[in-house]
Asks: 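I have a structure I would like to understand better, so I am pasting it below and will then ask my questions one at a time.
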Amino acid sequence: MLKKLFQSLRPPVRRVQHQRTTPEVLNSGQHSLQRGQFSRHAVGIVERLQNAGYQAYLVGGCVRDMLLGITPKDFDVATSATPEQVRAEFRNARVIGRRFKLVHVHFGREIIEVATFRAHHPQDEEENSNQSSRNESGRILRDNVYGTLEDDAQRRDFTINALYYDPVSERILDYANGVHDIRNRLIRLIGDPQQRYQEDPVRMLRAVRFAAKLDFGIEKHSALPIKPMAQLLREIPSARLFEETLKLFLSGHAADTFEMLVDLELFEPLFPASNEALEEHPTYTHTLISEALINTDLRIKQGKPVTPAFLFAALLWPALPARVLRLQSRGMPPIPAMQEAAHELISEQCQRIAIPKRFTMPIREIWDMQERLPRRSGKRADQLLDNPRFRAGYDFLLLRESAGEETDGLGEWWTDYQECNESERRDMIRELGGRDESGAAPRKRRRSGTKRKRDASSAAGE
Ligand code: ATP
Ligand code: MG
């Protein structure tokens with residue numbers, strides 16, 4: 001009773017300018033999209049669902065990217081049909097997902113995702129319900145309420161992601177002024193930014209991802225709450241953060257993404273130890289990570305494969321020296337200290353971002369390689385060349401050098417070694433003399449303790 005009375009006294013919900021219940025409709029002459037540009041399978045699904053009496057549209061990233069002249073990654077369909085109704089229409093359809101059900105329609109290698117219109121979680125109803133699907137801080141834990149087309153538009157994250165294209169009538173339905181924001185190159189949350197980040201803090205990462213990918217700005221009101229709310233990311237399950245981090249750094253715009261994450265203080269909750277290194281040794285840490293990411297972006301552009309292990313190895317490497325030194329100061333010898341520090345750092349990192357074992361193993365191997373590459377005498381150099389991790393280890397060495405680590409020309413030595421013939425190789429090993437037993441550098445340069453670790457800090461110059 002009392003609750004009802006309170007609710008009736010509440011001020012009406014503020015209608016934010018970028019929410020509307022009737023869409024702006026853009027006819028085929030008012031936009032640049034053409035049905036033929038979209039996946040014919042996705043268009044076929046929309047036609048079939050419409051013929052069966054359901055509403056169906058192409059939606060989200062594919063409409064946004066097409067308007068910007070970018071080739072979409074995939075094509076998503078939104079419909080009023082329930083997953084079971086969708087499945088009944090297509091032989092090649094599979095219902096997937098537990099948290100919310102979706103239908104995947106398969107056409108050889110292409111998969112079209114068909115999602116039923118979903119609704120926002122009306123807060124008032126939730127407060128009356130015992131089975132709230134939000135946690136104490138307002139984060140949505142379940143998100144599986146079906147709704148109308150308007151509901152579906154309002155629960156989406158950004159205005160530019162809430163555009164619906166009907167390939168039959170060739171019209172765009174715009175419920176959130178997304179076309180306006182595409183024209184002005186702005187990432188803007190639908191609704192109240194603070195509330196939307198609270199519901200799902202990952203939206204802060206998505207804002208950065210789209211801003212970097214599309215070269216858009218983040219609209220002022222959507223950007224302002226990010227810093228104060230960044231720590232909410234700590235509540236996100238580490239497995240989800242792993243997926244999001246991969247999307248952030250394998251988007252082809254990782255270098256820009258990194259800058260933005262740091263500026264908006266989102267890097268800290270994702271990589272706390274690396275962030276500490278960034279504060280302690282800004283130049284070295286920043287250069288090493290940026291170089292790795294610029295390289296990753298380039299490889300993606302060239303269609304070359306990139307391994308998440310190399311990426312994580314680089315993101316975490318600057319955090320190692322402090323740990324190695326701490327263990328050494330407690331009396332641990334250099335090599336075990338390095339091993340222990342690597343183990344500690346990776347397990348701590350996995351509490352934030354659940355890096356699967358298939359990647360943590362190669363991270364360790366890339367790091368171990370850094371210990372082994374200086375030791376080249378006898379048959380060691382040839383054995384290292386045959387090691388399956390040699391290439392990654394060697395690339396990583398070059399990366400360290402590009403960030404200013406002093407290795408006494410080790411990278412160049414290995415570059416030469418790979419290029420020369422058998423007898424030249426023998427000469428190179430002979431010329432090493434005694435200087436390679438425990439490190440790359442000649443004795444006069446070597447200081448006590450782990451040489452490389454000290455070099456890392458001294459190269460930072462801070
Ligand atoms: P991409 O090109 O990266 O695939 P996308 O916009 O398609 O971009 P997806 O992650 O595939 O992004 O999500 C599809 C759509 O689902 C988005 O366009 C958005 O409308 C909606 N969406 C995804 N994640 C969220 C979220 N956390 N909160 C609200 N809406 C979301
Ligand atoms: Mg998508």
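Predicted, not measured: the structure shown is a model, and the values here were computed from it. Indexing begins at 1, ligand by ligand and atom by atom, following the structure's order.
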Asks: State the atoms of ligand 1, each with its element, that fall below the 4.0 Å cut-off from a heavy-atom position in R209.
Replies: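 In order of numbering, the contacting atoms are 3 (O), 10 (O).
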Asks: What about H31 and Y165, are their ring centers closer than 6.0 Å?
Replies: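 Yes, close enough.
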Asks: Quick one: ring-ring contact (aromatic ring centres under 6.0 Å, His included) partners of F310, sequence neighbours excluded?
Replies: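 Result, ring-ring contact (aromatic ring centres under 6.0 Å, His included) vs F310: F396.
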Asks: Any idea which atoms of ligand 1 are less than 4.0 Å away from a heavy-atom of R155?
Replies: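 Listed by number with element: 29 (C), 30 (N).
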Asks: Ignoring hydrogens and angles, state whether a donor on the side chain of T159 or Y175 is under 3.5 Å from an acceptor on the partner side chain.
Replies: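 Note: T159 and Y175 side chains miss the donor-acceptor criterion.
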Asks: Could you tell me if any non-hydrogen atom of F210 lies under 4.0 Å from any atom of ligand 1?
Replies: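 Yes, that is the case, since the closest heavy atom of the residue is under 4.0 Å from the ligand.
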Asks: What protein heavy atom lies closest to atom 11 (O) of ligand 1? Include the residue and the distance to one decimal.
Replies: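 Scanning the protein heavy atoms, the shortest distance from atom 11 (O) of ligand 1 goes to D76 OD2, 4.2 Å.
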Asks: Give the single entry among R196, K213, E113, R240 that approaches atom 2 (O) of ligand 1 most closely by any heavy atom.
Replies: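 Residue with the shortest heavy-atom distance to the ligand atom: K213.
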Asks: Among all protein heavy atoms, pick out the one at the shortest distance from atom 27 (N) of ligand 1; state its residue, atom name and that distance to 0.1 Å.
Replies: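 Result: D200 OD2, 2.8 Å.
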Asks: Among E199, R206, R156, whose heavy atom sits nearest atom 22 (N) of ligand 1?
Replies: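 The nearest heavy atom belongs to R206.
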Asks: Do you know the tightest heavy-atom contact between P167 and E170?
Replies: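 What the structure gives for the nearest pair is O-CG, 3.6 Å.
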Asks: For ligand 1, which atoms, with element, lie under 4.0 Å from some heavy atom of R64?
Replies: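 With R64 as reference, the close atoms of ligand 1 come out as 1 (P), 2 (O), 5 (P), 6 (O), 8 (O).
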Asks: Suppose we measure from atom 30 (N) of ligand 1 to each protein heavy atom; which comes out shortest, and what is that distance?
Replies: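 The answer is D157 N, 3.1 Å.
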Asks: Provide the number and element of each atom of ligand 1 under 4.0 Å from a heavy atom of G60.
Replies: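 So the answer, numbered in order with elements, is 18 (O).
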Asks: Using modelled atom types only, decide if a donor and an acceptor are shared between the side chain of S290 and the backbone of T287 within a distance under 3.5 Å.
Replies: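 Not a single qualifying donor-acceptor pair exists.
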Asks: Please identify each residue that fulfils salt bridge (Lys or Arg N to Asp or Glu O under 4.0 Å) with R94, with sequence neighbours left out.
Replies: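 Salt bridge (Lys or Arg N to Asp or Glu O under 4.0 Å) list for R94, sorted by chain: empty.
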Asks: Other residues, nucleotides and ligands only: do more than 12 of their heavy atoms fall within 6.0 Å of CZ on R185?
Replies: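 More than 12 within 6.0 Å, yes.
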Asks: Do D166 and Q50 have a side chain donor and acceptor closer than 3.5 Å?
Replies: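 Checked: D166/Q50 side chains pair up, N/O donor to acceptor below 3.5 Å.
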Asks: Of all the non-hydrogen atoms in the protein, which one sits nearest to atom 28 (N) of ligand 1, and at what distance?
Replies: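 The protein heavy atom lying closest is R203 NE, 2.8 Å.
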Asks: For atom 1 (P) of ligand 1, grab the closest protein heavy atom and report residue, atom and distance to one decimal in Å.
Replies: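 For atom 1 (P) of ligand 1, the nearest protein heavy atom is K73 NZ, 3.5 Å.
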